[in-house]
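What you see below is based on every heavy atom in this structure, not just the backbone, and it leaves out hydrogens, waters and symmetry mates.
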Amino acid sequence: MDVKDKIEELEYEIINHCISCFYILIHHEQTMQNMKYELIFKSEKDKKKFDYLLNFQEKELVYQLIKEECVVECMKIFPETLGVKKFEALYPFLKISNKNEIPHLKVDRPRNEANYFQTIGILKKYIDNESCKKISHMYGYSLGYLIEMLIVLNHLKNSIPKYKTQIISSTVDSVFNDYINLNPWVYGIDNPALKVRINKARAAQKSANPLIDVKYKIMKNILNNEVEKHGKWENPHQAVIKNLDLIYEKFKDFDKKILEDKVVELKSEIKNCSSEVERDNFLSKVDSINRALKKNHPYDVEDINLPYNTLDFDRILIKRLRGEGLKLKRILVDEYFLK
């Protein structure tokens with residue numbers, strides 16, 4: 001898949017998602033009363049727990065069921081009374097496919113650039129709408145996030161002649177990860193292959209140590225602050241290496257705080273121990289952490305994985321930083337991105 005196809009695949013996915021939210025939004029009151037969610041469960045045991053249709057007001061519970069992975073699929077059922085013909089008359093460049101047998105609203109891609117920005121313009125008008133705020137609360141993310149992604153993708157498509165292919169490709173991957181991190185309610189709308197990719201990426205995220213992202217953000221904050229003092233760097237390698245001592249010290253402080261908080265947590269749990277054996281086990285863990293804190297960083301504690309503490313942690317940071325593509329324009333010189 002070339003880089004333009006890669007952009008358009010994700011762009012079409014987000015447009016579908018965005019317009020689906022928009023369609024629900026402009027029929028908010030009627031939708032709240034009529035739209036149902038049919039749950040398809042992993043097992044009969046799970047089905048017995050939650051064997052019913054949930055209405056839209058109870059969507060947060062459905063969302064929780066999916067997060068807990070007891071639900072295989074959630075199928076939206078749209079009644080025919082939601083005014084498809086009226087919607088298409090108002091917005092002729094958007095085609096809605098409204099069938100009970102599909103779990104989403106399929107939206108034809110805007111036919112040209114004018115239609116594209118007409119769509120964006122209409123969506124922007126609704127961002128501060130009260131109904132939009134309610135739906136954003138239920139979905140856990142704003143319609144504005146989706147619009148920002150569409151604008152970035154459109155900019156990338158127009159920038160293909162200007163920037164290195166790898167830079168464009170990395171930026172698309174970064175937007176893709178941002179999209180997944182929103183935990184979108186509907187996804188893979190008209191592309192089963194993309195849905196598989198999203199599911200795989202989500203599975204990988206679940207198995208990853210959450211501290212990896214936290215420490216990476218610490219590094220990004222350092223680079224954003226230091227660039228104001230010293231100017232932009234030539235590439236990701238130089239950005240990390242020039243600030244490696246500071247990054248290391250901040251990571252050390254972060255790791256120390258994690259361990260100190262763990263000691264407090266364990267001491268609190270000791271008070272509730274029901275047996276001497278359980279109490280001794282907690283005390284042993286506290287002693288292990290305290291011994292680690294007395295030694296030089298990196299701290300080595302059993303059962304506590306503190307990331308970016310290997311000898312090649314700088315190489316790992318550089319590789320991830322490089323993957324952000326055009327998002328690094330704030331800290332890297334323009335020559336790095338240009339063909």
Side-chain angles (χ1 to χ4, degrees), residues 166 170-171 173-174 176-178 180-181 183 200-273 277-325 327-328 330-332 336:
Q166 184 55 48
S170 296
T171 311
D173 290 341
S174 185
F176 174 77
N177 289 327
D178 290 344
I180 295 171
N181 288 335
N183 210 356
K200 285 182 177 178
R202 282 181 157 186
Q205 284 179 341
K206 284 181 182 178
S207 62
N209 184 342
L211 294 181
I212 291 174
D213 285 341
V214 178
K215 291 182 81 170
Y216 182 75
K217 286 178 182 175
I218 290 173
M219 183 206 68
K220 285 295 296 292
N221 287 337
I222 290 170
L223 297 183
N224 286 330
N225 290 333
E226 292 301 305
V227 76
E228 298 295 332
K229 303 174 189 175
H230 307 294
K232 295 183 178 183
W233 297 282
E234 293 180 9
N235 51 54
H237 180 273
Q238 188 186 60
V240 172
I241 297 303
K242 289 283 186 181
N243 295 282
L244 198 57
D245 289 345
L246 183 55
I247 292 168
Y248 180 82
E249 286 303 314
K250 291 294 183 183
F251 281 5
K252 180 179 177 180
D253 292 343
F254 176 84
D255 290 346
K256 184 179 179 183
K257 181 71 166 58
I258 290 290
L259 294 182
E260 288 174 343
D261 289 347
K262 188 65 179 177
V263 168
V264 173
E265 179 189 326
L266 289 170
K267 285 182 176 179
S268 176
E269 290 179 12
I270 289 171
K271 298 174 185 176
N272 301 318
C273 287
V277 173
E278 187 181 11
R279 183 175 180 277
D280 288 344
N281 185 39
F282 278 120
L283 286 172
S284 176
K285 289 180 179 179
V286 169
D287 289 341
S288 174
I289 295 172
N290 283 331
R291 283 196 301 273
L293 285 168
K294 288 178 182 178
K295 294 180 181 178
N296 290 327
H297 186 263
Y299 309 115
D300 183 18
V301 185
E302 191 177 348
D303 298 329
I304 301 179
N305 184 5
L306 299 169
Y308 296 123
N309 278 321
T310 56
L311 290 174
D312 64 343
F313 83 98
D314 55 335
R315 182 184 60 80
I316 298 169
L317 289 172
I318 292 165
K319 182 179 178 180
R320 181 167 178 182
L321 193 64
R322 193 177 286 126
E324 292 201 29
K327 289 184 178 181
L328 300 178
R330 185 170 184 269
I331 65 168
L332 301 183
Y336 173 75

**Student:** If you draw a 6.0 Å radius around CZ in Arg320, do more than 12 non-hydrogen atoms from other residues or ligands fall strictly inside?
**Tutor:**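 Enclosed: over 12 neighbouring heavy atoms sit under 6.0 Å from CZ of Arg320.
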**Student:** Lys220 versus Glu324: any side-chain heavy-atom pair under 4.5 Å?
**Tutor:**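 The answer is yes; the side chains approach within 4.5 Å.
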**Student:** Nearest 0.5 Å, please: how far is CG in Asn221 from CE in Met219?
**Tutor:**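 With rounding to 0.5 Å, CE (Met219) is 9.5 Å from CG (Asn221).
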**Student:** Less than 4.5 Å apart, any side-chain heavy atom of Leu266 and any of Leu283?
**Tutor:**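 Of all side-chain heavy-atom pairs linking Leu283 with Leu266, none is under 4.5 Å.
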**Student:** Answer whether the closest heavy-atom distance between the side chains of Tyr308 and Leu211 falls below 4.5 Å.
**Tutor:**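 Not touching, per the 4.5 Å side-chain cut-off.
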**Student:** Can you confirm whether Glu260 is buried at CD, in the sense that more than 12 heavy atoms of other residues, nucleotides or ligands lie under 6.0 Å from that atom?
**Tutor:**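 Yes.
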**Student:** Answer yes or no: is there an ion pair linking Asp245 with Lys250, defined by an N-O contact shorter than 4.0 Å?
**Tutor:**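 Looking at Lys250 together with Asp245, the answer is no, because their closest N to O distance does not fall below 4.0 Å.
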**Student:** Keeping the roles fixed (side chain from Ser170, backbone from Gln166), state whether a donor-acceptor pair exists under 3.5 Å.
**Tutor:**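 Answer holds: yes.
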**Student:** Kindly check if the number of other-residue, nucleotide or ligand heavy atoms within 6.0 Å of NZ (Lys327) is above 12?
**Tutor:**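 Check passes, neighbour count above 12.
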**Student:** Is the shortest heavy-atom distance from the side chain of Ser288 to the side chain of Val301 under 4.5 Å?
**Tutor:**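 Yes; the side chains approach each other to less than 4.5 Å.
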**Student:** So, Lys232 and Glu226, do they make that salt bridge, N to O below 4.0 Å?
**Tutor:**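 No.
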**Student:** Once you round to the nearest 0.5 Å, how far does CD1 of Ile247 lie from NZ of Lys215?
**Tutor:**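 Taking CD1 in Ile247 and NZ in Lys215, the distance rounds to 11.5 Å.
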**Student:** Evaluate side chain to side chain contact (heavy atoms under 4.5 Å, CB included) for Asn309 paired with His297, printing each intermediate quantity in order.
**Tutor:** CA-CA 9 Å; Asn309 278 321; His297 186 263; 3.2 Å; yes
**Student:** Relative to each other, are the rings of Phe251 and Phe313 parallel, tilted or perpendicular (30° and 60° limits)?
**Tutor:**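 Judged by the thresholds at 30° and 60°, the geometry between Phe251 and Phe313 is tilted.
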**Student:** Do His237 and Ile241 have side-chain heavy atoms sitting under 4.5 Å apart?
**Tutor:**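 With C-beta onward as the side chain, the pair touches.
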**Student:** Between Lys295 and Asp300, is there a salt bridge with N-O shorter than 4.0 Å?
**Tutor:**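 No, no charged N to carboxylate O under 4.0 Å.
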**Student:** Ignoring hydrogens and geometry, is there a side-chain-to-backbone donor-acceptor pair from Asp312 to Arg315 under 3.5 Å?
**Tutor:**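 No, because the side chain of Asp312 does not come within donor-acceptor range (under 3.5 Å) of the backbone of Arg315.
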**Student:** Is any side-chain heavy atom of Leu328 less than 4.5 Å from a side-chain heavy atom of Ile331?
**Tutor:**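 Heavy-atom side-chain distance check passes, below 4.5 Å.
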**Student:** Using a 4.5 Å cut-off on heavy atoms from C-beta on, say whether the side chain of Leu321 contacts that of Leu223.
**Tutor:**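 Leu223 reaches Leu321 side chain to side chain.
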**Student:** So, using side-chain contact (heavy atoms from CB on, under 4.5 Å) as the criterion, who are the partners of Ala208 when residues are at least two apart?
**Tutor:**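 Checked Ala208 against side-chain contact (heavy atoms from CB on, under 4.5 Å); zero matches.
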**Student:** If only atom types and distance count, is the side chain of Glu265 paired as donor or acceptor with the main-chain N or O of Asp261 below 3.5 Å?
**Tutor:**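 No.
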**Student:** Taking Asn177's backbone N and O only, do any of them form a donor-acceptor pair with Asn181's side chain (distance below 3.5 Å, no angle check)?
**Tutor:**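 Between the backbone of Asn177 and the side chain of Asn181 there is a qualifying donor-acceptor contact (under 3.5 Å).
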